[in-house]
Amino acid sequence: MQKTYDPSRIEPYWYERWEHNGYFEPSGQGTPYCIMIPPPNVTGTLHMGHAFQDTLMDILIRFHRMRGHNTFWQPGTDHAGIATQLVVERQLNAAGKDRLEMGREAFVEKIWEWKDKSGGTIQNQMRRLGASVDWSRERFTMDEGLSTAVREVFVRLHEEGLIYRGQRLVNWDPVLETAVSDLEVESTEEQGSIWRLRYPLADSDESLVVATTRPETMLGDTAVAVHPNDPRYAHLIGKKVKLPLVGREIPIVADEYVDMEFGTGCLKITPAHDFNDYEVGQRHGCEPINIFTGQATINENAPAAYQGLDRFEARERIVADLKAAGLLDGIDPHKLMVPRCERTGAIVEPYLTHQWFVDLTRKTQPDGRPGGWTEITDPAIQAVRQGQIQFTPENWTKTYYNWLEDIQDWCISRQLWWGHRIPAWYDNNGQVYVGRSEAEVRKKHGLPDTHSLQQDPDVLDTWFSSALWPFSTLGWPENTQELSTFYPTNVLVTGFDIIFFWVARMIMMGLKFGGEVPFKEVYIHGLVRDSEGAKMSKSKGNVLDPIDIIDGIDLESLVQKRTTGLMQPQRAPAIEKQTRKAFTNGISPHGTDALRFTFASLATTGRDVVFDMGRVDGYRNFCNKLWNAARYVLLNTEEQDCGANDEAVMLGSADRWIISRLQTTEKTVIEALETYRMDLAAQAIYEFLWDEYCDWYLELCKPVLQQDTDAKRQRGTRRTLVRVLEAVLRLAHPFMPFITEEIWQRIAPLAGIDSPTIMHQRYPIPAAELEDQTAEAEIEWVQRFILGLRRIRGEMDIPPGRALPVLLKNASPKDLERLEQHRVALDFLGRLESVDVLDANADTPESALALIGELELRVPIAGLIDKAAELERLSREQSKLESELKRIQGKLQNEAFVSKAPAEVVTREREKLADIEDALTRVAEQQQKMA
RNA sequence: GGGUGGUUAGCUCAGUUGGGAGAGCGUCGCCCUUACAAGGCGAAUGUCGGGGGUUCGAACCCCUCACCACCCA
């Protein structure tokens, strides 16, 4: 093995080999285990969230594969309708071209070109991460097969009356001119104003004042609402106001929606441009008046003076005109939530348009057939409530229920060109026909070719196809082998941010069309944040490319990367400054295994994953530790007798100890993996490998390998060195696939194993009969002995190279037996010059003291010990012991404790008390002697 | 306004049926001991957010307050 650990040398090599040899494909044997990847954007790049999530999935996949399951991890991408169309459109604009001039067909062609060009990026980044997905079955939401599934679902839902077309208020992006989903709208608090507008009554000199954050919408007002219990306005209910600038007379209505405390207590009602007003308007029979065009300019329903104005220009003009008319009562600064489209940054407009909806709310349809609530929503709730699907952590079910129980119909149409075209055709009479194809529609409805049909120009929400992902990827609606083997899948691994939009919808569609839940478990992980705890985003300039952590990147390149292609270029200097501060020397290379191990150890139950580069540094060191430990093992075992063919061996207590500890570690790791506690699993592996195998076992081996003359003992030690390492490599493989494979290739033959890859080896199974309490007690005694000695060394500033004479006093027969048995190890690890056992009544010379239970370990002072330092240490130890003594005495003197606490707890406290009293006596003696 | 989660060492976080406060990183000493200086050995560091309650006993259970974060309206 190379002397230094160099991940860049081993990682790409092994991945290429694994993939080339088809090791990621399902074995076809054993219990099926399947995970569907949450499909990333086909033209996207890997961010930290992906890397985190992919790591967690790969750990589960490799774990189950090694347990002998028929394991399948489905990879793929989605077409990300808006994002992708936008990217290509921007490219065209930069080249001086225009989508509309170009035409739909040519534009879509351009997007496919872009997809082919940049489509492989994220897949190759996943390869760098070691993701063991089955690339041979990769899917894309706009593949032919998946598109068939989309059409099939649409048609069937429509046939059942569960998809309808209607006019509703939707979130509208006036830049893209499309409806967008709630998920794509981000509301943030922004500074705005409240305008107080005075509306005169129609039939008197009275007037009232409405408060609004959006004065321009007054052109579409259809009512003014007050609270029915508001005494200030009770006399006005039922009267009319004359809408300024427009002249329309609109009613004053009473509605409990109005907040009497807010503003003036009078609310202008604009049903066509506000979700709440729409509801209020409906209650009072107000016809919505739409005053905007698709680009949010004022349309022909408004007075001519304002037509054609942009919504923000219109606001200024209207406020100015009202002011001129003496109808502006005032302007107050006000913070309000402003909804913006995540993609374009444009302020989203509630907008009244014709869209396609999935019914999720009706219990029954007017014709008596079951409605969407009964057919789709309620079953999705029940599946979780009745435990067919389990969430981890369980708490997230609340979020799930909250949303589903208050669900709205799902707007699935988008006014885009990139996506699945809605399978609906219109004739010249406006009659709509839904079917799998135009031919099917014509056949079904007996429409001759001469009867003109136009397909609906809109496409479906990307989430509509994503909702089908768990079964459409497996070949549905065909009844394929894959579908019957892997559906329902085992677990969905995802972030809590898309529980509503994706998880819930997959459950709905899975139950409806897959006939069963799409997955039995949902593992919800946290979201990756930067070291300050802030969400990572390009515009904040705090994103990290996982590949940069793997390969390393110099500061200049990092600054460059973070400051190019910004939506707000003016932020570049701030981002540059912040980057230079946070990464003074850029990012050093860490390798994939270290990054993966970091992600695993960050996967706690919390919902924020605060990413700290220091952790990655630490785990890279861990990889290095493993590497060097393996080198040491090989150095001592290669071409030597390791008992690979089950020759007779003798195992010492150190051997039996490390084997016993390995069983415990295996149990911990497996249990942690089964409960999605990757952090605990990683911690157990880390501690075993570093604190037990490296720090103690390798050291305990040295005297045996270097000095022992018994072949069976040496063979036993070599065999244990090799076998334990081999097992822990398998244990750690799901977390650190590359380094474990590389080392395993060298170690496995020494353990008598012949196989091309660790990937297909069995995951360790803890064996109760290998647990050995006796050996653990033995080694613990040795550890305490050595630690006591080391502490004296450290505190007395005695160089580690200097051999020490040791005196033992108050030794029990057991102590003497252990001393005898472990003498070689103690000499080696403790650098003992001599050991003398003193009689109980013998005089003890001035010496530094360490207590191992009742056994006194003493190092004589002459010429070695700093008397003052020892006295200082003794007084520190004394006060520590005394405070502990006080605590325990207090407990035991409490009669209620003695009588009510379990007997074993009381006994334990009594024993502790005795130990402490004993230790205090010795410390006091020692102090006297030194004084 | 409704809901959820959080508050433990300087930093990031564990703490699984309530019974001796932990890890990593950082800090401070001593060591280039033939696997590893990306290392070894040792040390220091906490009114477990505040208050109250239940209990023999609370970081953990209950109530309450404060602050932070997120989600929904």
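In what follows, chains are A, B, ... by sequence order, proteins preceding strands, each numbered from 1.
Residues A:I779 and A:L700 meet the side-chain proximity criterion, which asks for heavy atoms closer than 4.5 Å. Between A:E521 and A:Y676, the closest side-chain pair of non-hydrogen atoms falls below 4.5 Å. Residues A:T361 and A:I407 form a side-chain contact, since some pair of their non-hydrogen atoms from C-beta on lies under 4.5 Å apart. The closest side-chain heavy-atom distance from A:F52 to A:L527 is not below 4.5 Å. The closest side-chain heavy-atom distance from A:R793 to A:R831 is below 4.5 Å.
Checking A:V610 against A:A896, the closest nucleotide of RNA chain B that is more toward the 5' end is the one next to A:V610. Each of A:I786 and A:F622 was matched to the nucleotide of RNA chain B holding its nearest heavy atom; the match closer to the 5' end belongs to A:F622.
The CG-C1' distance, from A:D617 to B:C25, rounds to 9 Å in whole Å. Here the P atom of nucleotide B:C13 and the OH atom of A:Y619 are 13 Å apart, to the nearest Å. Spacing between atom CZ of A:F897 and atom C1' of B:A58 amounts to 14 Å, rounded to whole angstrom units. Straight-line distance from the CG atom of A:D612 to the P atom of B:C13: 9 Å, rounded to whole Å. The nearest whole Å value for the distance from the CH2 atom in A:W396 to the C1' atom in B:G3 is 11 Å. Remark: C1' of B:G15 and CD of A:E687 are 12 Å apart, rounded to the nearest angstrom. The interatomic distance linking A:D608 (CG) with B:A69 (P) rounds to 11 Å, in whole Å. Atom P of nucleotide B:G24 and atom CZ of A:R620 are separated by 17 Å, given to the nearest angstrom.
Look at the P atom in both B:C60 and B:U8: the space between them is 14 Å, to the nearest Å. Remark: the separation of the C1' atoms in B:G22 and B:U64 is 30 Å, to the nearest Å. Between B:U16 and B:A38, the distance separating the two C1' atoms is 34 Å to the nearest Å. Distance check on atom P: B:U12 versus B:G18 gives 29 Å, rounded to whole Å. Atom name C1', nucleotides B:G19 and B:G57: the rounded distance is 7 Å, in whole Å. For the P atom pair drawn from B:C70 and B:C62, the interatomic distance equals 26 Å after rounding to whole Å. Nucleotides B:U27 and B:G10 place their C1' atoms 8 Å apart, quoted to the nearest Å. Annotation: B:A66 and B:G49 have their C1' atoms spaced 8 Å apart (nearest Å).
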Pull out every protein N or O sitting under 3.5 Å from an N or O of nucleotides 70-73 of chain B, one pair per line with the distance.
unit_1, atom_1, unit_2, atom_2, d
B:C70, O2, A:R607, NH2, 3.2

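Between A:F599 and A:F611, the ring planes lie tilted relative to each other; the angle falls in the 30° to 60° range. Using bins of under 30°, 30° to 60° and over 60° for the plane-to-plane angle, the ring pair A:F622/A:F597 lands in the tilted bin.
Minimum heavy-atom separation, A:L602 to A:V609: CB-CG1, 3.7 Å. A:P350 and A:F275 make their closest contact through CB-CE1, 3.8 Å (heavy atoms, listed as atom of the first residue, atom of the second, distance). Residues A:A629 and A:L698 come closest through the heavy atom pair CB-CD1, 3.9 Å. A:P546 and A:L595 make their closest contact through O-CD2, 3.8 Å (heavy atoms, listed as atom of the first residue, atom of the second, distance).
Within residues 676-684 of chain A, the residues that place at least one heavy atom under 4.0 Å from RNA chain B are, in residue-number order, A:R677, A:L680.
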Side chains of residues 910-918 of chain A: which donor-acceptor partners sit under 3.5 Å, not counting sequence neighbours?
unit_1, atom_1, unit_2, atom_2, d
A:K912, NZ, A:E909, OE2, 2.8
A:D918, OD1, A:R922, NE, 3.4
A:D918, OD1, A:R922, NH2, 3.1
A:D918, OD2, A:R922, NE, 2.8
A:D918, OD2, A:R922, NH2, 3.2

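Heavy atoms of A:N395 sit under 4.0 angstrom from primed sugar atoms or phosphate atoms, though from no base atom. A:E895 comes within contact range of no nucleotide atom at all, as no heavy-atom separation falls under 4.0 Å. Among the protein residues, A:R790 comes within range of the sugar-phosphate backbone only, with heavy atoms under 4.0 Å from sugar or phosphate atoms but none that close to a base.
Checking B:C56, B:G42, B:G24 against every side-chain atom of A:K900, the shortest atom distance belongs to B:C56. Proximity note for A:K891 (side chain, C-beta onward) versus B:G20, B:G24, B:U4: the nearest is B:G20.
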Dot-bracket, RNA chain B: Watson-Crick or G-U, under 3.5 angstrom, [ ] crossing, | other strand?
(((((((..((((.....[..)))).(((((.......))))).....(((((..]....)))))))))))).
Give the C-alpha distance, both sets of side-chain angles, the deciding distance and a yes or no for salt bridge (charged side-chain N to carboxylate O under 4.0 Å, His left out) between A:R723 and A:E726.
CA-CA 5 Å; A:R723 286 196 180 178; A:E726 193 276 330; over 6 Å; no
How far apart are the C-alpha atoms of A:L705 and A:L721, what are their side-chain angles, what is the distance that settles it, and do they pass the side-chain contact (heavy atoms from CB on, under 4.5 Å) test?
CA-CA 11 Å; A:L705 296 174; A:L721 270 175; 3.8 Å; yes
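One finds a salt bridge joining A:D409 and A:R168 here, because a Lys/Arg side-chain nitrogen approaches an Asp/Glu carboxylate oxygen to under 4.0 Å.
Identified under the salt bridge (Lys or Arg N to Asp or Glu O under 4.0 Å) test for residues 683-692 of chain A, with sequence neighbours left out: A:R661-A:E692.
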Treating primed atoms plus P, OP1 and OP2 as sugar-phosphate and everything else as base, which nucleotides of nucleotides 26-36 of chain B get B, S or - for protein heavy atoms under 4.0 Å?
-----S-B-BB
